[in-house]
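What's counted below: heavy atoms across the whole structure, side chains too, no hydrogens, waters or symmetry copies. Note that ligands are numbered from 1 as they come in the structure, with each ligand's atoms numbered from 1 the same way. The model shown is predicted, which means the values in this text are computed figures rather than measured ones.
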Amino acid sequence: MCGIYGCISTDAADKVLEGLRKLEYRGYDSAGLAAIFPEQNGPIETERTIGYVADLVSKANGRFTGSCISIGHTRWATHGGVTDQNAHPHSSDDGNITLVHNGIIENALHLSERLSKLGYKLSSETDTEVIVHLMDNEIKTQSDELTYLDAFSNVISQLRGSWAIAAIISGMDGILVSRNGAPLVIGRGVDNISVSSDVQPFYGACSEVAYLNDGDIFYISGSGISSQEGSMIPGFETLEGVYDEEDPGNFEHMMLKEIFDQPTSLSNVLSGRITADGRKARLGGFSLTPEEIRSLDRINLVACGTAYYAAEIISAYIRKFSNVRSEAFIASEFPARSVCSTNTLTIGISQSGETKDTLDALFDAKKNGSNISAICNVIGSTMSRLTANGAYLHAGPEFAVASTKVFSNMVATGLLFALTISEISDAEQQEIVQSLRELPNLISKQLIDDDGSIDTAAKMIHDSEPPIFIGRGGMSSYLAKEGALKMMEISYIPCLALPGGELKHGPIALLSDGSPVIAIVPSDGKMSLMESSIRECKSRGARIILITDSEGPITELADVLIQTNKTHPDLSPLVNIIPVQLLAYNVGVLRGVNVDRPRNLAKSVTVV
Ligand code: F6R
């Protein structure tokens, strides 16, 4: 979702375009750029366009070469359609002030009414444009001894909502920045000081990073970060991690590459988190000790989308392996007041660590006395800094919009957490840990052994009636929901997911001759119940795509059989997710969808 990149350097705009390219994975629909040249006074050069950064490069046509300060933006529309006029940057009428913004200005309507009384006319439908006119008015009306930073601070104080803003003014030698509820980081390298929505573009350009906090308002220039008196300036720290280029290599898409990354990313998530004798899980990083966690009243998990389905599986693990009550909540629906107290722990589960709904739920949890932690992928993200404890997913950067390898690492990390606090016998724990250690190889085998069944199933689904995913016994029904979400995201086919037992209570009415039903059936205690659900579907004409490790009689019910490798029943979501993801991918490709960048979706959802 929206990306900001700004830079003070030689050929600043070229570096901004490169930065924007590295932010593309966040998802966007238009892009724009502004730059100041040495010795420049007068209107700032800008360009903006709907489409991709490559379109912006063509439109800019080399006009920005030689610039010394530049800001750029990738926009994911919230206020106003996808048009050139609504793309950022937005400029003052005289062109001397220009800025880019992520987030939502909630009082934009009120501010625009005030501006209109002052004679300003808005030329876009965005909430952002009010900020630039407020800046213009402030600079023109403030007393002479005040600075541009003072004007910027005064404008920021009038805003309500969330923002990350980068603004430049003709004649100025730096960039004004502010954040509140939307991410913004500052990077420093030998030849540049830069600002970005996340650290990805800093790799290769900056060696140090400074993380802004909500409410920060700074001026960044060649000499560093400055602020108004009394504000704390964040210190620079070494930039951790390595840049992984968004390069699918031999794979057709990033999504497919990331599905195939899973043996490696799962090895990484286990590394250092199993005792030396290989018998027990030991997930560190949480402020509370396992003993303290065991004595809590409850553990709440808050997350969105795919992360929520992972959270549902994790809460099932916690309930199964310990006596602590645990529940997963859709972050935007989190009833903090009813489920938080000082004797609770609320864990945010997130790939990006920037999802606003999840961050808000964590804030609410904290406000209501709960301890908070995070399980997230991006090092230094807002969530990891807010909670300052928890566990990283170590999945490496995930670029495709549809989350795949991160889902598996969330489930695996959650399982390690549940085992770390567990009250099960040593023998039982050892058995699960042993299977976990074998998992990367098992999944690798699963990925390589392609018997064509997924392809057959994809052909069955891609132009048929909407499929229904079913599972049973908690984990498989949660996985069914993730299957339906993945399929909808990248094929645009409406899908339903439900526990097998629920079919007969209504949704079975949807079935007719040929309706595809995807049944996820690990060999566990629920297999015979799933057999009944499948028979109910078959007798209404449904075609069954059966995902199972069983070789028993249930396989005879399959119209397409997708055979998975056997593992410990508690690990079945980690094995069954592979065909589920591949099926969605294949259907998406057959339907001609840009699976890495499906329409309307953003990788990092930083608005509520
Ligand atoms: C689906 C997907 C989304 C995210 C959700 C939460 O493939 O990627 O549903 O899982 O937006 O994002 P994070 O994990 O960054 O908090």
Cationic N near anionic O, under 4.0 Å, E18 to R21: yes
Has the side chain of S196 got a donor or acceptor atom that lies under 3.5 Å from a matching backbone atom of P201? no
Can you check whether F251 and F260 have ring centres sitting under 6.0 Å from each other? yes
Distance flag, aromatic centroids of F329 and F334, threshold under 6.0 Å: yes
Within the side chain of R385, is there an N or O that forms a donor-acceptor pair under 3.5 Å with the backbone of G380? yes
Considering only the protein, which heavy-atom contact is closest to atom 12 (O) of ligand 1, and what is its distance? T355 OG1, 3.4 Å
Looking only at protein heavy atoms, identify the closest one to atom 11 (O) of ligand 1 and say how far it is in Å. V605 CG2, 4.1 Å
Please list, in number order, the atoms of ligand 1 under 4.0 Å from a heavy atom of S403. 7 (O), 8 (O)
I'd like to check whether Q351 has a polar contact with ligand 1, where a contact means an N/O of the residue lying under 3.5 Å from an N/O of the ligand. yes
When distances are taken from atom 3 (C) of ligand 1, the protein heavy atom at minimum range is T306 N, 4.0 Å
Give the numbers and elements of all ligand 1 atoms closer than 4.0 Å to a heavy atom of G305. 9 (O)
Counting from 1 in the order shown, the ligand 1 atoms closer than 4.0 Å to a non-hydrogen atom of V401 are 7 (O), 8 (O)
For the 3.5 Å polar cut-off, considering only N or O atoms, please tell me whether E489 and ligand 1 meet it. yes
Side-chain donor-acceptor contact under 3.5 Å, T346 with S370: yes
Numbered in order shown, the ligand 1 atoms found under 4.0 Å of a heavy atom of A307 are 10 (O), 14 (O)
Do the ring planes of H253 and Y585 sit parallel (below 30°), tilted (30 to 60°) or perpendicular (above 60°)? perpendicular
So, are K405 and E398 salt-bridged, with charged N and O less than 4.0 Å apart? no
Ligand-residue contact atoms, ligand 1 with A402, heavy atoms, under 4.0 Å: 7 (O)
In terms of residue, atom name and distance, what is the protein heavy atom nearest to atom 6 (C) of ligand 1? C304 O, 3.3 Å
If we number the atoms of ligand 1 from 1 as shown, the ones under 4.0 Å from a heavy atom of K486 are 1 (C), 7 (O)
Looking at D198 and R26, does any basic side-chain N land under 4.0 Å from a carboxylate oxygen? yes
For atom 15 (O) of ligand 1, what is the closest protein heavy atom, and at what distance to 0.1 Å? S352 OG, 2.7 Å
